[in-house]
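To keep things clear, I will list the structure first and then write my remarks on it.
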Amino acid sequence: MKTIEDLDVAGKRVFVRADLNVPLSDGRITDDGRIRAVAPTIAKLVERGAKVVVASHLGRPKGAPDPQFSLAPVAERLGEILGKSVAFAADTVGESARSAVAALADGEVALLENLRFNAGETSKDDAERKAFAEQLAALADLYVGDGFGAVHRKHASVYDLPALLPHAAGDLIATEVGVLKKLTEDVERPYVVVLGGAKVSDKLGVIDNLLKKADKILIGGGMAYTFLAAKGHEVGISLLQEDQKPTCLAYLAEAEKRGVEFVLPVDVLVSAEFPDLKGKTPASYEVVGTDAIPADKEGLDIGPKTRELYAAKLADAGTVFWNGPMGVFEHPDYANGTKAVAQGLLDSDAFTVVGGGDSAAAVRILGFDETKFGHISTGGGASLEYLEGKTLPGLAALEG
Ligand SMILES: Nc1ncnc2c1ncn2[C@@H]1O[C@H](COP(=O)(O)OP(=O)(O)O)[C@@H](O)[C@H]1O
Ligand SMILES: O=C(OP(=O)(O)O)[C@H](O)COP(=O)(O)O
């Protein structure tokens, strides 16, 4: 893979595909980790006299403009981090983008509006994706892929665009791949994988491969309920991937066959309502065993017994990979499971890797010192698929 040092960027328009998918609350950025992570690449290009065109997705808008997913607040924050103003284009490939790029002097930066406001970005139709990539290619001379969190997506700006322009990997991708590669080689054992979060359908599949590598797998967050339901428990109105129940049962059987400790929550915090994440008014919840979840309630965090159990399972770890918060950590009443796992990582002597936009944000928002972890990856799904040994579209495209 080429690096940005291999590109002659001075005076050229350089398209940087970043992952600036940061958590927002009421239009305010609650954690800027992903912006800080890619800023050194942008600063290096600025230093070398490039005209830098930055692009990213944010959230999952449905292929059309949706103001709640605008990158405008990110342009401002990126400018603060870089210490220079960042022009913001109100569209991605339209008049605003064209004029913002045309107005760039050497060493200046513009951020385009959310790539996913265009249906072509995520289209499953190759021709539609390529057509959008061609529109993006018209805005630049060179391409730098540095959106590690999105390299597992076969999307126009990640996969198709690098084929149209001379390209290289940015420094963030190089660092991420360097660390994660170590976890695919010989790891210090016991190797413990902790999985949670809300992107259940995306991430259940990776367990198949992790069963061949890990010594213990601890499940929490929204991921737990499909397993509990598969085992015949009532899960009320919790996150559930009904069609994946047979897969979950197969994983549990395979874990037993291989001697992998597969651990599910023994108790959870349940509520009839999703918490108020804006005002953070106190939640009303109860702690129940996972064999006693009421039919009209939703599981929103792991309970105190599970916190203790997971801390004990982490204590003797040699290596830990963790993706996905244990609960709806954005509300203080449901943050204790995530805190306990973060603390469990720090209390062990293990080499610890935390991956994922929300997991990394959770660690910082909950007050942990990020430098105490072995590595904080900007990608959750991306790092899991990398650990699976899969060819990731966004990395393969940079190799070609
Ligand atoms: N039990 C749960 N029910 C609903 N959402 C949950 C639950 N546990 C965690 N979450 C949510 O999961 C989200 C993060 O999931 P995900 O995107 O998969 O993680 P990451 O970004 O770290 O890869 C958080 O917003 C959190 O509120
Ligand atoms: O937040 C992301 O992934 P993650 O939650 O797995 O870390 C990336 O920005 C990818 O977003 P997507 O899962 O909507 O494609």
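In each ligand, atom 1 is the first atom listed, and ligand 1 is the first ligand listed. Count residues from 1 along the sequence.
A donor-acceptor contact shorter than 3.5 Å links the side chain of Asp6 to the backbone of Thr3. The main-chain N or O of Lys313 is found under 3.5 Å from a side-chain atom of Lys216 such that the two form a donor-acceptor pair. In terms of modelled atom types and a separation under 3.5 Å, the side chain of Tyr143 and the main chain of Ala163 share no donor-acceptor contact. The closest donor-acceptor contact from the side chain of Asn118 to the backbone of Leu115 lies under 3.5 Å. A distance-only check finds no donor-acceptor pair linking the side chain of Glu385 to the backbone of Leu392 [under 3.5 Å]. Side chain of Lys280 to main chain of Leu277: a donor-acceptor pair is present (N/O by atom type, distance under 3.5 Å, no hydrogens or angles). No donor-acceptor distance shorter than 3.5 angstrom exists from the side chain of Tyr334 to the backbone of Met326, with no hydrogens or angles considered. In this structure, Thr30 contributes its side chain and Pro23 its backbone to a donor-acceptor pair below 3.5 Å. Without hydrogens or angle criteria, Asn114 side chain to Leu58 main chain gives a donor-acceptor distance under 3.5 Å. When atom types are taken as modelled, the side chain of Asn21 and the backbone of Gly59 share a donor-acceptor pair closer than 3.5 angstrom.
Atoms of ligand 1 lying under 4.0 Å from at least one heavy atom of Gly222, given by number and element, are 1 (N), 2 (C), 7 (C), 8 (N). Atoms of ligand 1 lying under 4.0 Å from at least one heavy atom of Tyr225, given by number and element, are 1 (N). Within ligand 1, the atoms closer than 4.0 Å to a non-hydrogen atom of Gly299 are 1 (N), 2 (C), 3 (N), numbered from 1 in the order shown. Heavy-atom contacts of Gly221 reach the following atoms of ligand 1: 1 (N), 8 (N) (cutoff under 4.0 Å).
The protein heavy atom nearest to atom 9 (C) of ligand 1 is Gly327 O, 3.1 Å. Regarding atom 5 (N) of ligand 1, its nearest protein heavy-atom neighbour is Val328 CG2, 3.7 Å. The protein non-hydrogen atom at the shortest distance from atom 11 (C) of ligand 1 is Ala198 CB, 3.8 Å. Among all non-hydrogen protein atoms, the one lying nearest atom 22 (O) of ligand 1 is Ser359 OG, 2.5 Å. The nearest protein atom to atom 26 (C) of ligand 1, hydrogens excluded, is given as Glu330 OE1, 3.6 Å; this is a heavy-atom distance. In this structure, the protein non-hydrogen atom closest to atom 21 (O) of ligand 1 is Asp358 N, 2.8 Å. Residue, atom and distance of the protein heavy atom nearest to atom 23 (O) of ligand 1 are Lys203 NZ, 2.6 Å.
Between Gly197 and ligand 1, a contact under 3.5 Å exists for no N or O pair. Residue Phe274 has no N or O atom closer than 3.5 Å to an N or O atom of ligand 1. Between Asp301 and ligand 1, no pair of N/O atoms sits closer than 3.5 Å. Looking at Asn323 next to ligand 1, an N or O pair under 3.5 Å apart turns up. Inclusion of Glu298 in the set of residues having an N or O under 3.5 Å from an N or O of ligand 1 is not warranted.
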Go through the steps for Ser271 and Lys297 under the test side-chain contact (heavy atoms from CB on, under 4.5 Å), then give the verdict.
CA-CA 5 Å; Ser271 177; Lys297 296 206 168 154; 5.7 Å; no

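At a heavy-atom distance under 4.0 Å, no atom of Asp202 approaches ligand 1.
Listed by first then second residue, pairs satisfying ring-ring contact (aromatic ring centres under 6.0 Å, His included) with a partner in residues 240-281 read Phe227-Phe262, not counting sequence neighbours.
For ligand 2, the protein residues within 4.0 angstrom (heavy atoms only) are Asp19, Asn21, Arg34, His57, Arg60, Arg116, Gly149, Arg153, Lys199, Lys203, Gly356, Gly357, Gly379, Gly380, Gly381.
The distance from atom CZ of Arg116 to atom CG of Leu71, rounded to the nearest 0.5 Å, is 11.0 Å.
For the side-chain contact (heavy atoms from CB on, under 4.5 Å) test with Asp146, the passing option among Val54, Ile4, Leu172 is Leu172; the others fail.
Taken together through direct or relayed side-chain contacts under 4.5 Å among Ile, Leu, Val, Met, Phe, Trp and Tyr, Tyr386 and Val354 form parts of separate hydrophobic clusters.
Within the structure, ligand 1 lacks Tyr334 among the residues with a heavy atom less than 4.0 angstrom away.
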